[in-house]
Colleague: 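I have a structure I would like to understand better, so I am pasting it below and will then ask my questions one at a time.
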2 protein chains.
Amino acid sequence: MNTDIFKALSDESRLRILNLLFRRELCVCELESILDMSQTNVSRHLNKLKYANMVLMTKKSKWAYYSINDQFIKENDHLIAYLKNNFSEDKDFVRDMKILISLEEDQALCSDSNIVKFV
Amino acid sequence: MNTDIFKALSDESRLRILNLLFRRELCVCELESILDMSQTNVSRHLNKLKYANMVLMTKKSKWAYYSINDQFIKENDHLIAYLKNNFSEDKDFVRDMKILISLEEDQALCSDSNIVKFV
DNA sequence: CTCTCATATTCATATATTTGAATATGTTAA
DNA sequence: TTAACATATTCAAATATATGAATATGAGAG
């Protein structure tokens with residue numbers, strides 16, 4: 001049995017990223033801002049999730065947007081249920097989600113504008 | 001969210017051990033024999049699973065018997081379903097299970113006898 | 001009491017993972 | 001074309017993990 005998925009899930013930062021991506025696709029700089037992590041690190045963790053086939057990347061002009069791979073969701077429904085369940089019970093993850101939702105409400109995501117809101 | 005469980009699952013040997021323990025409790029030397037691994041290594045991996053609260057250990061005279069922690073099963077039902085599903089679809093894991101079942105049929109497990117059958 | 005067996009632990013080493021800092025690449029705007 | 005920006009990659013160092021070999025511990029058999 002392949003352990004790549006479990007290795008990908010063995011890091012708090014990557015779990016926090018997945019939690020947010022379950023809600024919507026996000027670019028690197030948005031994750032960087034919400035999670036208060038370095039650009040280098042966000043990029044690296046996303047790359048690992050991509051390698052494990054858990055997320056997909058698509059380029060939109062300057063931005064690299066990452067999203068949950070639907071195929072991964074379909075093929076791993078029990079695991080997804082487990083993750084979503086645990087995410088919703090963890091206060092740090094709920095806090096991350098609240099930050100994302102408030103950015104949506106303020107229309108402060110990169111996709112809302114050509115103006116770069118994250119520095 | 002705690003990554004200890006995913007770290008414990010990030011190793012093929014530990015997954016093979018869990019697969020067998022889902023069927024029944026086993027002592028170290030039985031796992032050593034079925035999995036063809038060194039005693040040192042089986043013991044170490046079991047210790048990690050115990051640390052992650054996934055298995056329990058009980059001493060019976062010379063033998064240390066390990067079993068799945070029922071509390072862990074109850075608290076992580078989706079994850080357990082995911083694991084059992086994947087175990088049953090992996091030919092190496094099915095082979096391990098067949099070896100265990102044939103030992104049961106031959107009454108060749110430590111619990112079947114005072115005579116040590118595994119060397 | 002001594003030997004053998006089952007298991008855990010220690011030691012040393014190889015390998016993998018994480019991360020900050022610096023740099024490279026490619027895109028957009030002025 | 002030049003500057004600012006978004007992202008990926010490289011380099012180096014720190015930390016974690018895996019494992020063989022040797023040894024320690026403790027129980028039961030003779």
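Basis for what follows: all heavy atoms, side chains included, without hydrogens, waters or symmetry-related copies.
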Colleague: Under the rule for side chain to side chain contact (heavy atoms under 4.5 Å, CB included), what residues qualify as partners of Glu75(B), not counting sequence neighbours?
Modeller: Gln71(B)
Colleague: Report yes if a side-chain nitrogen or oxygen of Lys48(A) is closer than 4.0 Å to either non-bridging phosphate oxygen (OP1 or OP2) of dT17(C); otherwise report no.
Modeller: no
Colleague: In whole angstroms, how far is the P atom of dC5(D) from the CD atom of Glu30(A)?
Modeller: 17 Å
Colleague: Does His45(A) have a side-chain nitrogen or oxygen under 4.0 Å from the phosphate oxygens OP1 or OP2 of dT17(C)?
Modeller: no
Colleague: Got a sec, which residues hit side chain to side chain contact (heavy atoms under 4.5 Å, CB included) with Ser38(A), two or more places apart in sequence or on another chain?
Modeller: Thr40(A), Asn41(A)
Colleague: Considering residues at least two apart in sequence or located in another chain, which fulfil the side chain to side chain contact (heavy atoms under 4.5 Å, CB included) criterion with Asp92(B)?
Modeller: Asp90(B), Arg95(B)
Colleague: What pairs of donor and acceptor atoms, side-chain ones from residues 2-24 of chain B against any protein atom, are under 3.5 angstrom apart with sequence neighbours left out?
Modeller:
residue: Asn2(B); atom: OD1; partner: Asp4(B); partner atom: N; Å: 2.9
residue: Ser10(B); atom: OG; partner: Phe6(A); partner atom: O; Å: 3.3
residue: Ser10(B); atom: OG; partner: Lys7(A); partner atom: N; Å: 3.4
residue: Ser10(B); atom: OG; partner: Ser10(A); partner atom: OG; Å: 3.0
residue: Ser10(B); atom: OG; partner: Phe6(B); partner atom: O; Å: 2.7
residue: Asp11(B); atom: OD1; partner: Ser13(B); partner atom: N; Å: 2.8
residue: Asp11(B); atom: OD1; partner: Arg14(B); partner atom: N; Å: 3.1
residue: Glu12(B); atom: OE1; partner: Met1(A); partner atom: N; Å: 3.4
residue: Arg14(B); atom: NE; partner: Ala8(B); partner atom: O; Å: 2.8
residue: Arg14(B); atom: NH1; partner: His45(B); partner atom: ND1; Å: 3.0
residue: Arg14(B); atom: NH2; partner: Lys7(B); partner atom: O; Å: 3.2
residue: Arg16(B); atom: NE; partner: Asp96(B); partner atom: OD2; Å: 2.7
residue: Arg16(B); atom: NH2; partner: Asp96(B); partner atom: OD1; Å: 3.0
residue: Arg16(B); atom: NH2; partner: Asp96(B); partner atom: OD2; Å: 3.4
residue: Asn19(B); atom: ND2; partner: Phe93(B); partner atom: O; Å: 3.0
residue: Arg23(B); atom: NE; partner: Glu104(B); partner atom: OE1; Å: 3.1
residue: Arg23(B); atom: NE; partner: Glu104(B); partner atom: OE2; Å: 3.0
residue: Arg23(B); atom: NH2; partner: Glu104(B); partner atom: OE1; Å: 2.8
residue: Arg24(B); atom: NE; partner: Glu104(B); partner atom: OE2; Å: 2.9

Colleague: State whether the side chain of Glu30(A) and the backbone N or O of Cys110(A) hold a donor-acceptor pair below 3.5 Å, judged by distance alone.
Modeller: yes
Colleague: Whole Å only: how far is the NZ atom of Lys7(A) from the C1' atom of dT18(C)?
Modeller: 14 Å
Colleague: Separation of Glu32(B) atom CD from dA6(C) atom C1', in whole Å?
Modeller: 9 Å
Colleague: Compile the donor-acceptor pairs under 3.5 Å between side chains in residues 46-54 of chain B and protein atoms, sequence neighbours left out, one pair per line.
Modeller:
none

Colleague: To the nearest 0.5 Å, tell me how far Leu103(B) CG sits from Leu109(B) CG.
Modeller: 5.5 Å
Colleague: Pick base, sugar-phosphate or nothing for Tyr66(A), based on heavy-atom distances below 4.0 Å to the nucleic acid.
Modeller: sugar-phosphate
Colleague: Specify the separation, in whole Å, of atom CH2 of Trp63(B) and atom P of dC5(C).
Modeller: 12 Å
Colleague: Which atom pair, heavy atoms only, marks the closest approach of Tyr65(B) to Ser111(B)?
Modeller: OH-N, 3.3 Å
Colleague: Which atoms of nucleotides 22-27 of chain D (N or O only) lie under 3.5 Å from a protein N or O atom, and what are those distances?
Modeller:
residue: dA22(D); atom: N6; partner: Thr40(B); partner atom: OG1; Å: 3.2

Colleague: Roughly, in whole Å, what's the span from OH in Tyr51(B) to P in dT9(C)?
Modeller: 14 Å
Colleague: Name all residues meeting the side chain to side chain contact (heavy atoms under 4.5 Å, CB included) criterion together with Gln39(A); count only those two or more places apart in sequence or in a different chain, and write none if there are none.
Modeller: Val28(A), Glu32(A), Ser43(A)
Colleague: Pull out every protein N or O sitting under 3.5 Å from an N or O of nucleotides 12-15 of chain D, one pair per line with the distance.
Modeller:
none

Colleague: Atom CG of Leu46(A) to atom C1' of dA8(D): distance rounded to whole Å?
Modeller: 11 Å
Colleague: Under 4.0 Å from any atom of DNA chain D, heavy atoms only: list the residues of residues 9-18 of chain B that qualify, in numerical order.
Modeller: Asp11(B), Arg14(B)
Colleague: Mind checking Lys60(A) for me? I need base, sugar-phosphate or nothing, with any heavy atom below 4.0 Å counting as a touch.
Modeller: nothing
Colleague: Please name all residues satisfying salt bridge (charged side-chain N to carboxylate O under 4.0 Å, His left out) with Lys60(B), sequence neighbours left out, ordered by chain then number.
Modeller: Glu25(B)
Colleague: Output every pair passing side-chain hydrogen bond (donor to acceptor under 3.5 Å, both in side chains) with a member in residues 76-88 of chain A, not counting sequence neighbours, ordered by first then second residue.
Modeller: Asn76(A)-Tyr82(B), Tyr82(A)-Asn76(B)
Colleague: For the pair made of OH in Tyr65(A) and C1' in dT27(C), what is the distance, rounded to whole Å?
Modeller: 14 Å
Colleague: With rounding to the nearest 0.5 angstrom, report the CG to CD1 distance, Leu79(B) to Ile73(B).
Modeller: 10.5 Å
Colleague: Which whole-number value in Å describes the distance from Leu49(B) CG to dA18(D) C1'?
Modeller: 14 Å
Colleague: Do the side-chain N or O atoms of Ser43(B) get closer than 4.0 angstrom to the phosphate oxygens (OP1, OP2) of dT7(C)?
Modeller: no
Colleague: Closer to the 5' end of DNA chain C via nearest nucleotide, is it Asn47(B) or Asn41(A)?
Modeller: Asn47(B)
